[in-house]
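Working notes, beginning with the structure itself.
Chain naming here is simple, since letters A, B, ... match the order of the sequence lines and numbering starts at 1 in each.
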Amino acid sequence: MSAQSDARYSPKEIEPRWQQAWDSDGCFAAKVDPARPKYYVLEMFPYPSGRIHIGHVRNYTMGDVVARYKRAQGFSVLHPMGWDAFGMPAENAAMAEGGHPGTWTYNNIKVMKGQMKPLGLSIDWSREFATCDPEYYGQQQALFLDMYKAGLIYRKTGIVNWDPVDMTVLANEQVIDGKGWRSGAEVERREKEQWFFKISDYSAELLSALDGLENWPNKVKLQQRNWIGYSRGLQFAFDLTAPADGITQIEVFTTRPDTLQGASFVGIAPDHPLAKALEAQNPAVAAFCAEARKGAATEEAMATGEKLGFDTGLTVQHPLDPDWHMPVWIANFIKMDYGTGAVFGCPAHDQRDFDFATKYALPIVPVFVAKGAEEAPLTEAYVPEDSESVRYLRPIAGEPEQTADQAVDAAIKLCESRGIGKDTTMYRLRDWGFSRQRYWGCPIPFVQCDTCGLVPEAKENLPVRLPDDVTFDKPGNPLDRHTAWRSCTCPECGKPALRETDTMDTFVDSSWYFARFTAPHASTPTDLEEADYWMNVDQYIGGIEHAILHLLYSRFFARAMHKTGHLSAKSIEPFNALFTQGMVTHAIYQTRDAQGRAVYHYPEEVELRDGAGFLKDGKEVEIIPSAKMSKSKRNVVDPVAIIDQFGADTARWFVMSDSPPERDVEWTASGAEATYKHLNRVWTLGDKIAALPADAPGEGDDELMRALHRAIDDVTKTIEGFAFNKAIAKLYELTSILSRTKASAKAQKQAGRVLAQLMAPMTPHLAEELWHRLGGAGLVTQAQWPQADPALLVDDVITLPVQFNGKRKAEITVPKDASKEEVEKTALADQAVIKALAGATPKKIIVVPGRIVNVVI
RNA sequence: GCCCGAGUGGCGGAACGGUAGACGCAGGGGAUUCAAAAUCCUCCGCCCUAACGGGUGUGCGAGUUCGAAUCUCGCCUCGGGCACCA
C-alpha cells in the first residue's frame, strides 16, 4: 500500500483494498471490553424487499458515521445488522410468481447484502440474522411461552377484515375502498378468536416512563402519549326503563360527567351485547348492524364514514332524574373496544354528537355558555378549552362559573357520593392482537388437543418450524390446509393433537431483535451477561413512520422480557436515544391497465421531457408528487449505479450532505457528480501536500491552525448533534482553506491528517488513503479523534452589526471583550452610523455584548 | 375525520429571539486549451440604480418585542401515523 502520487482517484481500486484491511484487522467486531465504555448504535433493520434503495443508504450511513465517530472516541462499539424477514410481500411474490416465500426472502437477503457490503459500513456481520431463521424464531417461541406463563398473552375475539368471496382475512393494506384487493368483494368486519399481548397492563407505565426519555424527539413522545390516551372520567350505568333480553343496564364511560344535564341520548356500538341481543330478535336491527360492519376495520374508515344511527325504541332513565327518559341508539361510530362500548350523547358540547342529534332531530341542550353570554340556539357544538372558565346554566356540582377541569372533578365527587358510578381512569391503548392468518410468520407454539384443550408446545420441541412444502395457489393460510404439518402430539397427554395455524405479527419479530443482537447465537432468547454489557441501545436510528407502533411494542417487549427474566431492569426502556431520520421521497409514475387499475413504473423506465414523463413506448405517465419510497409504488432509486460509477464514498458523502437528516429529502440525481468532483479535489490536494518536502517552510501556519481547530470543534459538535449536513459544510470550508494555504509542509501535513480524520466517518476509504499518504500511523479507522485547542477558537476582535430600529445599517469592529460603553462609543463614532443618524438623537441604544447594537430612533 | 410534523433564492439548505441566504448544486462572466473535458478565478434572492446606494423579502393574516425565519393566535399547502404494510 505505497503512496501512488500520480494515480487518479480510483474508488474501485482503493475501496475494496481498505475494506479488506479493516476486515483482516477485525476493526468492527464488537468485543466486550470492561476497560472501555460501550456504545450500541442500531439502525432499524431492513425488510429484504430485493434491492437496497437510497433511503437505506442514508439510514445506514448515518448509523455508520455515529459508529465510526464513537470508535474514534474510544468506545467499544456494537453496530449489528439483520433482516426483518417475515411478512406479506414474500407471500405475494409466491402468489404472483410461484416459488416459496423463503427462497424469495433468502435470495433477496443475499442480493441486498451484496449491495450493502461495498458501502464499507462498519458493521459486525458475524452477528447477522434474519427473523425467518428458525434459530431466531425458535427463540421467539421460547420467549412467547415464557410470556404466556407470565400472564402476558391471552385469547379473545377481535375484529378482522373478512373477504366473503376469497373466504380469507385481509390486511388493511389489502382492503381498497372497502373492497378486497383480489376479489373486489365488499369487506366485512368479522369477529374472530385471536391471540393478544396484554400491553394494556402497562398503559400507565408506558405513559409515565416517556418523561424519562430525554433523548427522544418530543414529537415521538407526544404521539405515543396521545396514542396511549389517558383519560379520567366517570363510569356509571343507565337503567333501562324496561329490560331487554335480560339486560337491565347500559354501562357508560364519560370524560364529561359535568354535561350530564345536557344528555339527549345513549349510543351503543353495533357490537355491544345489547345490540347483539336485539339483532337476534329484530331484522331491522340486524340489517343496520350488518351495514355498519361493512368496510375496512380501520379507525380511519370509521372516522371518515357517514355517521349512522338506529333508534332501538328502548329508553333509559337519567341517573339524576328518574322521570327523565332518553332513547337508546345504535351508532356506527361507537367502538366496542374503547371504554364500555356505550356513551351518552351531549350534542351541545360535542361536535359529533351535535351532528348526530341534528340528523336525527334529538334535543340539543346547552349545559354552559361562555362567560357573559346568554343561552341561545346553537349552530355548532360549543367546545371551549378545558382550562377556560365558563358559566354553567345546568350544573350538577361546583361553582356557577368554573373550568371544565373543575366541573368534571366536582361532578365525579357528587356522582360518587350519590352512588352513581365511580371515578375511572381509561386508556385508549388496546391490547395488541398479533394473530395472523398467514404462512410466512413465526408459528404460534400451541396445539389444540381434544382432551387438554389449547396447550403450549413444550420448550424442548421448539422451534416449531414452518413446513417447506406449501403452495399459494389458493387464498387463505396454507398452514390450514397442511394436514401433515398440523398433526402433532399433545405435549401434555401424548394423544394426537392439531397445531395452531396462526402465525405472529411481524411486529413481534422486530420488538426484541435489538436484544438478540447482543448474543445472536445464544441457546436462550438472550444471554444476560452479554445483554447487560451491551444494552441499552445508546443510539437508535430509524424512520418516523415507526414513531408509534414499533417503538411502543418494543418498549412493551423490553418490560415483558424483564418480567420473564430475559433482560435486566435497566433495559426496560431499551433505546436511550432515538433519532428519526426523514424519508427519501420520489415522484410516483403511474399508468392504468385495461381495468383502470394503477400500474407503477420505476424511475429508470421513465423519460422526463418538459415536466411530463413518458415510457419507452411513448405512453405518457401520470406523475404523482413525491411520496415515501416504497417498492409497491416502484418509486425507488437504485444506489448501486451510483456506487458503481463513483464509489461508496461519493454515495455516503452525498446522502449525508445538503439535507438535514431528520427532514424528508426529495431524491435528485444531480449532485452525486459534484460530490465526486469534490472527493477528487481532496485526493489531488493530498497528492500535493504529500509531495511537499518535509522541511518546506511557509507562512500562515497560525491562521491554518486556527482554521483547523475551528473545523475540529465544528465537525465534532455537528456530528454530536446529528447535523451531518453541517459537518460536511465545515469540511468543504476546511478543504478550501487548506488548498489555498501557503503554510509550512509540517502544518499542511498535520492539517491534512486531521482532515482525513474528520472525513473518516463519512468517507472512510478516501480518509484511509489520505491518512496513509500523509504519514498517519496505522489505520485512521483506529485513530483517536482529534481535539480542538480552546485557545485557538477565540478571536481577538469581533464584528458587530449596528441596526436602526431592527434594520442593519452599519458594521463595527471591536475587541472581543469590549464593554457596553465602549461598543456604544465605537458605534456612534462610525461614519455609516453618523450618516444614518443624520444629526438626530437616538431615543435608546441597545447593546448586546458580542451580538448586536440596535439604535432606536 | 383524529393525532404528529414541515413550509426560507432556480434547487438542497444555513441562521443561541440579534448582519437572512453559511455550504453545496444549477446558472452568468473570465483564465487555461488548437478545441473540448477537467481544473482555477469571479458574480449570483427579487425590484429600482450606470454606480454609490435604496427598497423589499423566510407559505398567508394578525400579535408580542428595541429587534421575529425563530415566540403566540388564526388560516393554507404538503408529509407521517391511525392498531393486519413494514
Side-chain angles (χ1 to χ4, degrees), chain A residues 44 46-47 49 84 86-89 158 160-161 169-175 194 199 217-220 222-227 229 296-305 307 333 337 351-352 428-438 505-507 510 543-550 552-553 580 582-583 585 625-628 630-632 654 657-660 662-666 668 670-671 673-675 677-678 680-681 684 723 725-726 728-733 736 739 799-811 843-846 848 850-856:
Chain A
M44 290 178 186
Y47 179 78
S49 56
D84 189 11
F86 275 134
M88 289 205 308
V160 296
N161 298 308
V169 175
L170 298 179
N172 286 334
E173 190 188 51
Q174 297 171 319
V175 181
Q194 307 247 68
I199 189 172
N218 282 329
K219 62 181 171 187
V220 173
L222 192 53
Q223 283 185 77
Q224 293 215 353
R225 267 185 204 112
N226 291 335
W227 187 262
T298 65
E299 186 106 341
E300 186 187 359
M302 300 195 59
T304 52
K307 312 281 180 292
F333 57 86
D337 50 18
Q351 191 58 43
R352 199 170 50 184
R428 203 183 75 100
L429 180 65
R430 307 200 293 261
D431 277 337
W432 171 12
F434 65 90
S435 321
R436 298 293 180 266
Q437 294 70 41
R438 270 178 273 284
D505 180 4
T506 57
F507 271 123
S510 57
I544 185 67
E545 69 271 26
H546 295 294
I548 298 175
L549 295 179
H550 163 61
L552 192 61
Y553 291 158
T580 55
M583 286 174 298
T585 63
S626 266
K628 170 178 151 184
S630 95
K631 195 169 157 63
S632 64
F654 182 47
S657 65
D658 296 348
S659 281
E662 68 276 14
R663 191 109 61 117
D664 286 354
V665 58
E666 164 81 15
T668 57
S670 69
E673 192 151 345
T675 297
K677 283 184 190 174
H678 175 73
N680 265 288
R681 272 194 290 273
T684 318
N725 56 322
K726 288 184 246 172
I728 282 181
K730 301 298 175 189
L731 288 169
Y732 271 114
E733 281 176 358
S736 167
S739 58
T799 304
L800 290 186
V802 182
Q803 295 182 334
F804 277 67
N805 294 342
K807 289 207 181 292
R808 192 185 70 92
K809 294 285 179 185
E811 224 168 58
K843 280 188 197 152
K844 191 173 169 188
I845 298 179
I846 292 150
V848 184
R851 274 284 160 208
I852 205 163
V853 180
N854 192 13
V855 181
V856 185

NA contact type, [X], heavy-atom cut-off 4.0 Å: base, sugar-phosphate, or nothing?
X: A:P46; result: nothing
X: A:T684; result: nothing
X: A:L429; result: base
X: A:H550; result: nothing
X: A:F434; result: nothing
X: A:E662; result: nothing

Using a 4.0 Å cut-off on protein heavy atoms (strictly under), produce a 5'-to-3' string for nucleotides 1-7 of chain B with B for base contact, S for backbone-only sugar-phosphate contact, and - for none.
B-SSS-S
Sugar-phosphate atoms are those with a prime plus P, OP1 and OP2; base atoms are the rest. Using that split, label each nucleotide of nucleotides 37-44 of chain B B, S or - for protein heavy atoms under 4.0 Å, 5' to 3'.
-SSSS---
Between atom [atom1] in [X] and atom [atom2] in [N], what is the gap in whole Å?
X: A:R808; N: B:A69; atom1: CZ; atom2: C1'; result: 17 Å
X: A:N161; N: B:C82; atom1: CG; atom2: P; result: 13 Å
X: A:D658; N: B:G9; atom1: CG; atom2: C1'; result: 15 Å
X: A:K726; N: B:C16; atom1: NZ; atom2: C1'; result: 11 Å
X: A:R225; N: B:G81; atom1: CZ; atom2: C1'; result: 17 Å
X: A:E545; N: B:G81; atom1: CD; atom2: P; result: 6 Å
X: A:L731; N: B:G24; atom1: CG; atom2: P; result: 12 Å
X: A:N172; N: B:C82; atom1: CG; atom2: P; result: 8 Å

Once hydrogens and angles are ignored, does a donor-acceptor distance under 3.5 Å link the base of B:C84 to the side chain of A:Q174?
no
Distance-only donor-acceptor test (3.5 Å): side chain A:N854, base B:C66:
yes
Would you indicate which nucleotide in [options] comes nearest to any side-chain atom of [X]?
X: A:R851; options: B:C16, B:A83, B:A86; value: B:C16
X: A:I852; options: B:C85, B:U19, B:A83; value: B:U19
X: A:S659; options: B:C23, B:G13, B:G55; value: B:G13
X: A:V848; options: B:G18, B:A83, B:U56; value: B:G18

With both distances kept under 3.5 Å, what pairs with [N], Watson-Crick or G-U wobble?
N: B:A68; result: none
N: B:G10; result: B:C25
N: B:G1; result: B:C82
N: B:U33; result: none
N: B:G17; result: none

A:T580 side chain reached by A:K219 side chain, heavy atoms, under 4.5 Å
yes
N/O donor-acceptor pair under 3.5 Å between A:D431 side chain and A:I199 backbone
yes
Contacts of A:E733 and A:T506 projected onto RNA chain B by closest heavy atom; the upstream (5') one is A:E733
Given that A:T675 and A:E811 both sit by RNA chain B, which one's nearest nucleotide is further toward the 5' end?
A:E811
Would you compute the distance between atom CG of A:L222 and atom CH2 of A:W227 and round it to the nearest 0.5 angstrom?
14.0 Å
Approximate separation, where rounding is to 0.5 Å, of A:D658 CG and A:I728 CD1
8.0 Å
Taking the basic N atoms (NZ, or NE/NH1/NH2) and the acidic carboxylate oxygens, is any pair closer than 4.0 Å for A:E299 and A:R428?
yes
What residues, two or more places apart in sequence or in another chain, satisfy side chain to side chain contact (heavy atoms under 4.5 Å, CB included) together with A:M302?
A:R189, A:K335
Measure the acute angle between the ring planes of A:F507 and A:W432, then classify it against the limits of 30° and 60° as parallel, tilted or perpendicular.
perpendicular
